[in-house]
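Note that ligands are numbered from 1 as they come in the structure, with each ligand's atoms numbered from 1 the same way.
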Amino acid sequence: VKTGVLRDLREKMFNKIVTLDEFIIRSEKENPSSSGSFSRLLRDIGIAAKIVNREVNKAGLVNILGVEGSTNSTGDDVQKLDIFANEKFIETLSYSGEVCGIASEENQEFIPVKSNDTSKAQYVVVMDPLDGSSNIDVNVSVGTIFGVYKRKSPDNGPCKSEDFLQKGTEMVAAGYVLYGTSTLLVYTTGNGVNGFTLDPSIGEFCLSHRNIQMPKAGNYYSVNQGYYLKFDLEMRRYIDHCSDLNYRLRYIGSMVSDIHRIMFQGGIFLYPNTRKYPKGKLRLLYECYPMAFLIEQAGGTAMTCKLERVMEMEIHSLHQTSSIAMGSRDMVRDMKEFVEKYGTVIK
Ligand code: AHM
Ligand code: MG
């Protein structure tokens, strides 16, 4: 530990850049239980993110924008950039040799990855390759969300659904990439959260936010208030409370961007169940679990609007959805009080 502290100090004094690759290798050395294969997998996620970033940045220049016309597994319009991002992540992860299967928002079924030596492919990746897709056509931030599990099925055969249908508490890594004014990759392996900003001049993700701890309280709330009348009474009361306190409403419509703000400035993100989505809209496996993992690791709280801990929710299908309320500890605690107070009232 002492060597680590001294090294961090030296790096700060001499302004030394730490790249994502360097950081991953270093973390592997410091944590004997983490394997080289896991490090290679994280590195490959970084590579796929760079490829997608390149395309997101030039999306306005080439004819890659626009709705493709098909619909994804949950019935939303699929846009070309979604398909591109999906393909690039699948391609990169499949070549890596560390992954035996991938589940994506864009594919109804999980994708088994063929390998010459299946015993080396110990992990499965779950992902939303391009979250916030309604923002693509209008040059507003989008993101990628990912989570990594260790496989459960025997490693001498193909992956099975049991490898994917694991609770959030079983996740070994989770993160997001934000393609915004800068491109950032933020991830956790259960040992704190670190953020890396892509330096386009050298093409590397560089450590920019070490051991992120989110504010315990904040004054931002993030919810699609257009659905207000479709929310349960307790959520409407809580939203009234946020408005009474003059909290600032911010809603980008890209969960990655909205959570990213909250991560640094404090606040609460809500996607409650509505009449259209009685169980919530966001997908548990590749949207809610990874974000909940990050939020908890950064000192925040993540629960459903029925007050269950997101990470412990049972999962039965790949595209299962959930309601969600996550963010600064004190704000989620206040929301909980509203649910406890008004949740039993006949609506
Ligand atoms: P997507 O993965 O199809 O883009 O859907 C997820 C997104 C979230 O990023 C965002 O918070 C939410 O859907 C926005 O939905 P709505 O337009 O209903 O508010
Ligand atoms: Mg999406």
Give a yes or no on whether the ring-centroid distance for [X] and [Y] is below 6.0 angstrom.
| X | Y | result |
| --- | --- | --- |
| Phe146 | Tyr176 | no |
| Tyr123 | Tyr149 | no |
| His209 | Phe264 | yes |

Can you name the atoms of ligand 1, numbered from 1 with element, that are less than 4.0 Å from a heavy atom of [X]?
| X | result |
| --- | --- |
| Glu287 | 2 (O), 6 (C) |
| Glu105 | 1 (P), 2 (O), 3 (O) |
| Ser133 | 1 (P), 3 (O), 4 (O) |
| Met255 | 8 (C), 9 (O), 10 (C), 11 (O) |
| Gly253 | 9 (O), 10 (C), 14 (C) |
| Phe269 | 11 (O) |
| Asn224 | 16 (P), 19 (O) |

Pair Asp240-Tyr228, side-chain donor/acceptor within less than 3.5 Å: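 A pair is found: one side chain offers a donor N or O, the other an acceptor, under 3.5 Å apart.
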Short side-chain donor-acceptor distance under 3.5 Å, Asn53 and Thr183: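 Yes.
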Residue pair Lys16, Glu22: steps toward the salt bridge (Lys or Arg N to Asp or Glu O under 4.0 Å) verdict: CA-CA 12 Å; Lys16 183 178 176 325; Glu22 217 175 316; 3.0 Å; yes
Polar contact flag for Ser134 and ligand 1 (N/O pairs, less than 3.5 Å):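 Not met; the criterion fails.
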Ligand 1 N/O within reach of Gly132 N/O, cut-off under 3.5 Å: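 Yes, since at least one N or O of Gly132 sits under 3.5 Å from an N or O of ligand 1.
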Counting heavy atoms only, which part of [X] comes closer than 4.0 Å to ligand 1: side chain, backbone, both or neither?
| X | value |
| --- | --- |
| Val256 | neither |
| Tyr277 | neither |
| Asp128 | side chain |
| Glu106 | neither |

Row check, Phe231 ring normal vs Arg236 NZ/CZ: under 6.0 Å, within 45°: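 No, Arg236 does not lie over the aromatic ring of Phe231.
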Ala49: side-chain contact (heavy atoms from CB on, under 4.5 Å) partners, not counting sequence neighbours: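 By the side-chain contact (heavy atoms from CB on, under 4.5 Å) rule, Ala49 matches Phe89, Val177, Tyr179, Leu185, Phe205.
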